[in-house]
Protein chains: 2
Amino acid sequence: MTSLSESDAGSSARPTMRHVAKLAGVAVKTVSRVVNGEPNVAPETARRVLDAARALDYQPDPHAGNLRRSDRRTRTLGLLVSSVDNPFAGAVHRAVEDVAVEHGVAVFASSLDDDPEREREAVAAFLRRRVDGLILTTASTNQAYLEPELRRGTPVVFVDREPRGVETDAVVSDNFGGAARAAEHLLARGHRRFAYLGDLHSLQTARHRRRGFLEALDHAGIPVADVPVIEDLHDPERAREALLRLLDGPNPPTAVFSSQNLVTVGALRALRERGRHRDTALVGFDDVELADLLEPGLTVVAQHPEDLGRIAAERVFAKLNGDGSPSQRIVVSTTLIARGSGEIPPSGM
Amino acid sequence: MTSLSESDAGSSARPTMRHVAKLAGVAVKTVSRVVNGEPNVAPETARRVLDAARALDYQPDPHAGNLRRSDRRTRTLGLLVSSVDNPFAGAVHRAVEDVAVEHGVAVFASSLDDDPEREREAVAAFLRRRVDGLILTTASTNQAYLEPELRRGTPVVFVDREPRGVETDAVVSDNFGGAARAAEHLLARGHRRFAYLGDLHSLQTARHRRRGFLEALDHAGIPVADVPVIEDLHDPERAREALLRLLDGPNPPTAVFSSQNLVTVGALRALRERGRHRDTALVGFDDVELADLLEPGLTVVAQHPEDLGRIAAERVFAKLNGDGSPSQRIVVSTTLIARGSGEIPPSGM
DNA sequence: TCAGATTCTGACAACGATGTCACGATTTGG
DNA sequence: CCAAATCGTGACATCGTTGTCAGAATCTGA
């Protein structure tokens, strides 16, 4: 028994097609046709249906429709980033959202805190919800667990970090080139004593940046084995402590490269604390808000998270629209922005 | 006809309960019982079902279940903020997400760019998707359009800005008190010539901050009519230009209050540009990354977006769990953080 | 004018799951 | 040892919607 007739007036229950059909005096299928703009409905009938729908404030249930419909799209996208509370991720997110809204698609976002286990859980949660596609800043070293889903045809695109163990698209910054560019910039000012402050060694991007930086030094004839390489710095505090130790050591660097924005913040604090910020060069990877207002201004290798996000989202939609081209690896170049801190010459010169 | 029997091996189609039931040699209802941990299934049967489910990599479709299930929850939440690419919103988002994951709920986020029309569209899009609740930094002046949805029992909680035209919960910063506190802080240093740089007058929070600041000045006997109040500054560039005009004018302020973080950034730039950053006091509303590394350090009235987000999310879940208490307006206090710029005494003293 | 095409409409099954109920097999208790 | 309660299981209707098909009404053209 259906309660269609009862409490029709002030009913707070959500109206369905059957309510609309009853009010308009037609069959549900006709309501369906009108609501979906299918052809072959008499104008007079359509008007009655629309009036009824409006009167009841009817909103079709997309999940019910999906169940029956052939294409089976939820018009939903999953985005997995290190943390939504993080400027880089925020910019990626915004770019993804902008592309998604154009396609009438809503975005689920989830923070991973660079924890592989959270990644697995979050991906599973999104797939259970049947997202149409996934954009993923992976935190794990191997993503073979995505294989069954990829075989089912779900588009997955990696941003910022590249996949391992699965064959799919990736959109990444030129980490190697950007870090090399930073090294060259410092070398050109005559520096010979460097320090490298790195993010978690488990992150592929961190390893690329390290390699880019060190290889450029090597090319310039710097004995790389002597360069202090401090890694696994994931927050400002750890980075600060690491740099303080170097500054207080026997042979402090004249030029510092910090491989990520939180690390850069820690490095800035350490330099201030020792009053070395005007005579020690610093280049950070990734741009930072207010970098131009510091004294000296902060020189950075800026990434372009908006481009990463936009391109990744466009790839997802291309795949959803049947683009079957083989997996691509799209590299977005970086931009060195000189603001002062990277142009400081070696002290004692 | 169902294709249950065909291509069972390397099938890439998503398996359903029927596939599992067939493989386990039981009825779908039994699979349902096992998957949902319902009682009264023989251990041996349960094992067979679980084996089959695992073999097929079966994942239940929550949308289909929802259709029939009584509680009708999508385990989904909609969050609407000014822009996901904005540190304040990012912090709110992260806090909301943390509460949501504890409840097994995923979060849709959408950026409004403070555009009322986008708000309407985004809210409609989320409601069509049947989110269980809505957390909203409204961009519109009146939200009566939410009335029907509220009557249906959908929990809606406002963050950062208060509702108008609807009766529902809100979690906001103490905008009035925070701005007043900033005024008192500056007055205590002996300032008499102030300037107020404000956000869009259409935003309620902006009006509260303005009122808080000016009333505190008034209490102190400052002729408020003479205080330049520049409003509708929504980005750094406009704020910069506005403050430059004041600084170049006949009677420049000795103390500036900027009512929002983008405005603060513009104000900082203007002060730098005129070389007035060491003799003009500045207090900003809302904290800013790296504020401690500027020279002088930036004094701010910090909000606590993590608290706003967390409390808002907790209210949503309380309501979902049947909390029927009347609408609350929860005020989160602000914290003045003195870092230097706000402690500059009036020049010429 | 009438056969055939076209337009409009609705009955019914189906999507993938769960709620209800009924039935046979076991267990319990007096 | 038998009636009653409990356990294990499956058939069937149902959630809100759309795909299929068929039938009635209208239109077309010779």
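Worth saying up front: this structure is predicted, and the values here are computed from it rather than measured. Heavy-atom basis, side chains included; hydrogens, waters and symmetry copies ignored. Residue numbers begin at 1 in each chain, while the letters A, B, ... track the order of the sequences.
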Practice task
Report yes or no: is there a donor-acceptor pair, N or O only, under 3.5 Å between the side chain of A:R68 and the base of D:dT17?
Solution key: no

Problem - Nearest-nucleotide 5' precedence on DNA chain C, A:T30 against B:K29 - result: A:T30

Handout entry: Residue mapping more 5' on DNA chain C - nearest nucleotide basis, B:E38 or B:A64
Key = B:A64

Handout entry: Basic-acidic side-chain contact under 4.0 Å: B:E167, B:R329
Key = no

Exercise for the section: Could you tell me how the ring of B:H93 sits relative to the ring of A:H93: parallel (under 30°), tilted (30 to 60°) or perpendicular (over 60°)? Expected result: tilted

Exercise for the section: May I ask you to decide whether B:E314 forms a salt bridge with B:R310, counting only side-chain N to carboxylate O separations under 4.0 Å? Expected result: yes

Practice task
For B:M17 and C:dA14, give me the distance from atom CE to atom C1', rounded to whole Å.
Solution key: 17 Å

Exercise for the section: Tell me whether the OP1 or OP2 atom of C:dT9 has a side-chain N or O from A:T45 closer than 4.0 Å. Expected result: yes

Handout entry: Sidechain N-carboxylate O distance under 4.0 Å for A:R75, A:D132
Key = no

Handout entry: Sugar-phosphate, base or nothing in reach of B:V35, heavy atoms under 4.0 Å
Key = nothing

Handout entry: 5'-most by nearest nucleotide on DNA chain D - B:R130 or B:G25
Key = B:G25

Practice task
Could you tell me the separation between the CG atom of B:D61 and the P atom of C:dT18, rounded to a whole number of Å?
Solution key: 10 Å

Handout entry: Rounded interatomic separation in angstrom, taking NZ from A:K22 and P from C:dG10
Key = 15 Å

Practice task
Return the value, rounded to whole Å, for the distance between atom NE2 of A:H63 and atom C1' of C:dT18.
Solution key: 17 Å

Handout entry: Side chain A:R33 and base C:dG10 donor-acceptor under 3.5 Å
Key = yes

Exercise for the section: Measure from CD on B:E44 to C1' on D:dG8 and round the result to the nearest Å. Expected result: 13 Å

Exercise for the section: State which of D:dG19, D:dC15, D:dA11 makes the closest approach to the side chain of B:A27. Expected result: D:dA11

Exercise for the section: Would you mind classifying the nucleic acid contact of B:P60 as base, sugar-phosphate or nothing, using non-hydrogen atoms under 4.0 angstrom? Expected result: sugar-phosphate

Exercise for the section: Could you tell me the separation between the CZ atom of B:R18 and the P atom of D:dA11, rounded to a whole number of Å? Expected result: 12 Å

Exercise for the section: Round to a whole Å and report the spacing from CZ of B:R69 to P of C:dA17. Expected result: 11 Å

Practice task
Pick base, sugar-phosphate or nothing for A:N66, based on heavy-atom distances below 4.0 Å to the nucleic acid.
Solution key: nothing

Practice task
Check every strand shown and say whether A:N40 touches a base, only sugar-phosphate, or nothing at a heavy-atom separation below 4.0 Å.
Solution key: base

Handout entry: Distance below 4.0 Å between B:S32 side-chain N/O and C:dA17 OP1 or OP2
Key = no

Problem - Between P of D:dT17 and CZ of A:R14, the distance in whole Å - result: 10 Å

Problem - pair B:T137-B:F158: side-chain heavy atoms closer than 4.5 Å - result: no

